[in-house]
S.K.: 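Structure in structure tokens, see below.
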Amino acid sequence: MRASNPTQRFSSRVSNYVRYRPGYPAAVIDLLRKECGLTPGTVIADVAFGTGIFTRMLLENGNRVFGVEPNAEMRKAGEEFLAAYPDFTSVEGTAEATTLPDHSVDLVTAAQAAHWFDLRQARREFIRILKPGRWSVLLWNERRIDTTSFLREYEQLLLRYGTDYQNVRHERTTGEIETFFAPAPFQVCSFDYQQQFDYSALEGRLLSSSYTPQSDDVAYEPMLKELRRIFDTHQVNDRVAFEYETQVYFGRLS
């Protein structure tokens, strides 16, 4: 199930997204080198590149990257974030219609975005733009929800105040991955990752999520009051931690 209007959901959240969303483990790049033949000469389409968090890792590997992004505000933030990289080209497009030429890239990546895609149409588009026999990579950070008492309480906050939280969780996409790659085989690897927050950063991280109430919603202030209580209860040295499992799915589409 795709969420309503996925392209525009983050338009009002760009500032918090840039500042407080997690990156990805360096081991992801090592994995792509080992398993997908990534070299500095690999030309990449990074689809739904957003504000450029994963895109920058590819650029720092020396790659030519075409960043495809449908949301104008996110795309502008990404262009500013990646302005120092001459091998980056920003493209207005979607996963289902990238506008890139046929068989023009060596690798397609999509970070923290596949749950917004029409996976059947995106699959067809990835095959169109990829050179034959090349790789597609879907990755995202899954926040652990029950490994600490803080994470358990934070999850309950989202379930209580999130507008459509349960509909857009990445776990929903995980169950559809086999269909995306089929009949081709695929592999999956996972890595541990962590973010540390003071209260201000935790609030920004919460508000970067598309399913949380905004300031004109009656639930906004009660939500932040509960967030403050959770932080004060669980902070150690004025910090709390998000724990993630970074999931990387990769295969050759056919």
Side-chain angles (χ1 to χ4, degrees), residues 1-25 48 50-54 69 71-78 80-81 111-116 139-174 192-247:
M1 179 187 300
R2 297 176 75 209
S4 60
N5 198 9
T7 297
Q8 298 303 322
R9 288 176 66 105
F10 290 96
S11 295
S12 61
R13 305 173 189 269
V14 172
S15 177
N16 282 325
Y17 200 104
V18 170
R19 295 180 65 187
Y20 301 119
R21 281 301 178 108
Y24 301 90
T51 61
I53 295 170
F54 183 64
E69 172 57 48
N71 182 288
E73 291 82 3
M74 296 282 277
R75 191 170 61 252
K76 182 176 184 294
E80 293 172 354
F81 183 59
Q112 211 73 19
H115 57 305
W116 304 120
L139 67 149
W140 55 82
N141 292 313
E142 286 187 4
R143 176 179 42 80
R144 294 191 171 113
I145 63 175
D146 60 2
T147 52
T148 69
S149 55
F150 162 67
L151 291 176
R152 285 190 290 273
E153 284 213 61
Y154 186 84
E155 177 69 6
Q156 289 305 306
L157 179 144
L158 296 182
L159 291 170
R160 179 176 180 183
Y161 292 103
T163 53
D164 58 352
Y165 170 58
Q166 295 191 72
N167 291 334
V168 299
R169 289 170 57 88
H170 292 283
E171 290 85 343
R172 295 177 64 89
T173 302
T174 302
D192 292 331
Y193 197 62
Q194 189 179 94
Q195 260 184 314
Q196 297 277 338
F197 300 104
D198 61 13
Y199 176 75
S200 177
L202 179 64
E203 182 177 304
R205 175 64 179 85
L206 174 68
L207 297 177
S208 76
S209 299
S210 67
Y211 45 74
T212 54
Q214 300 194 71
S215 58
D216 59 349
D217 192 301
V218 295
Y220 179 81
E221 291 299 337
M223 177 184 70
L224 293 187
K225 182 178 180 180
E226 176 65 2
L227 183 71
R228 180 82 236 192
R229 184 198 66 77
I230 293 170
F231 178 86
D232 289 343
T233 300
H234 299 286
Q235 61 81 26
V236 176
N237 297 324
D238 200 37
R239 293 290 188 276
V240 292
F242 273 15
E243 298 175 359
Y244 300 99
E245 186 172 358
T246 304
Q247 303 277 9

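Owing to the predicted nature of the structure, the values given are computational and were not obtained by experimental measurement.
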S.K.: Measure the CG-CD distance between Asn141 and Glu243 for me, rounded to the nearest 0.5 Å.
M.R.: 12.5 Å
S.K.: For the atom pair OG1 (Thr163) and CD (Gln214), what is the distance rounded to the nearest 0.5 Å?
M.R.: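 Going from OG1 on Thr163 over to CD on Gln214, the span is 9.0 Å.
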S.K.: Can you tell me how far the CG atom of Leu139 sits from the CZ atom of Phe54, to the nearest 0.5 Å?
M.R.: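 One finds 5.0 Å between CG of Leu139 and CZ of Phe54.
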S.K.: Hey, could you give me the CG/CG distance between Leu206 and Asn16, rounded to the nearest 0.5 Å?
M.R.: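 If we round to the nearest 0.5 Å, Leu206:CG and Asn16:CG are 9.0 Å apart.
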S.K.: Using the test side-chain contact (heavy atoms from CB on, under 4.5 Å), find all partners of Pro222 that sit at least two apart in sequence or belong to another chain.
M.R.: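 Counting only residues at least two positions away or on another chain, Pro222 forms a side-chain contact (heavy atoms from CB on, under 4.5 Å) with Tyr161.
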S.K.: Does Asn237 have any side-chain contact (heavy atoms from CB on, under 4.5 Å) partners at least two apart in sequence or in another chain, and if so, which?
M.R.: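 Result, side-chain contact (heavy atoms from CB on, under 4.5 Å) vs Asn237: none returned.
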S.K.: Please name all residues satisfying ring-ring contact (aromatic ring centres under 6.0 Å, His included) with Tyr193, sequence neighbours left out, ordered by chain then number.
M.R.: none
S.K.: Looking at residues at least two apart in the chain, or sitting in another chain, which of them share a side-chain contact (heavy atoms from CB on, under 4.5 Å) with Arg19?
M.R.: Ser15
S.K.: Could you tell me which residues satisfy side chain to side chain donor-acceptor pair (under 3.5 Å) with Tyr220, sequence neighbours excluded, listed by chain and number?
M.R.: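 Residues passing side chain to side chain donor-acceptor pair (under 3.5 Å) with Tyr220: none at all.
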S.K.: Take a 6.0 Å sphere around CZ of Arg239 and say whether it holds more than 12 heavy atoms from other residues, nucleotides or ligands.
M.R.: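 For Arg239, atom CZ is crowded (more than 12 foreign heavy atoms under 6.0 Å).
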S.K.: Taking all heavy atoms of Leu202 and all of Leu227, pick out the closest pair and write down the distance.
M.R.: CD2-CD1, 3.7 Å
S.K.: Under 3.5 Å, side chain of Arg143 to main-chain N/O of Phe242, donor-acceptor pair present?
M.R.: no
S.K.: Provide the closest heavy-atom pair for Phe231 versus Asp198 in the form atom of the first, atom of the second, distance.
M.R.: CE1-C, 3.7 Å
S.K.: Can you see which heavy atom on Glu155 is nearest to which on Ile145, and at what distance?
M.R.: OE1-CG2, 3.3 Å
S.K.: Which residue pairs satisfy the salt bridge (charged side-chain N to carboxylate O under 4.0 Å, His left out) criterion with at least one member in residues 209-230, sequence neighbours excluded?
M.R.: Glu153-Arg229, Glu226-Arg229, Arg228-Asp232
S.K.: For Tyr244, give me all partners under side chain to side chain donor-acceptor pair (under 3.5 Å), at least two apart in sequence or on another chain.
M.R.: Gln195, Arg205
S.K.: Tell me the closest heavy-atom pair linking Arg152 and Thr147, and the distance in Å.
M.R.: NH1-C, 4.1 Å
S.K.: Specify the closest pair of heavy atoms between Tyr199 and Leu224, including all atoms of both residues, with the distance to one decimal.
M.R.: OH-O, 3.6 Å
S.K.: Please find the pair of heavy atoms, one from Ser208 and one from Arg21, that lie closest to each other, and give the distance.
M.R.: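 Heavy atoms of Ser208 and Arg21 come nearest at OG-NE, 2.8 Å.
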S.K.: Name all residues meeting the side chain to side chain donor-acceptor pair (under 3.5 Å) criterion together with Thr148; count only those two or more places apart in sequence or in a different chain, and write none if there are none.
M.R.: none
S.K.: Got a sec, which residues hit side chain to side chain donor-acceptor pair (under 3.5 Å) with Ser200, two or more places apart in sequence or on another chain?
M.R.: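 Partners of Ser200 under the side chain to side chain donor-acceptor pair (under 3.5 Å) test: none.
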S.K.: Could you tell me the separation between the CD atom of Gln235 and the CZ atom of Phe150, rounded to the nearest 0.5 Å?
M.R.: 11.0 Å
S.K.: Treating Thr51 as the side-chain partner and Ala77 as the backbone partner, does any N or O pair qualify as donor plus acceptor under 3.5 Å?
M.R.: no
S.K.: Partners of Phe81 by ring-ring contact (aromatic ring centres under 6.0 Å, His included), sequence neighbours excluded?
M.R.: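 ring-ring contact (aromatic ring centres under 6.0 Å, His included) check on Phe81 returns nothing, list empty.
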S.K.: Who pairs with Glu245 by side-chain contact (heavy atoms from CB on, under 4.5 Å), at least two apart in sequence or on another chain?
M.R.: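 side-chain contact (heavy atoms from CB on, under 4.5 Å) check on Glu245 returns Arg144, Ser190, Gln247.
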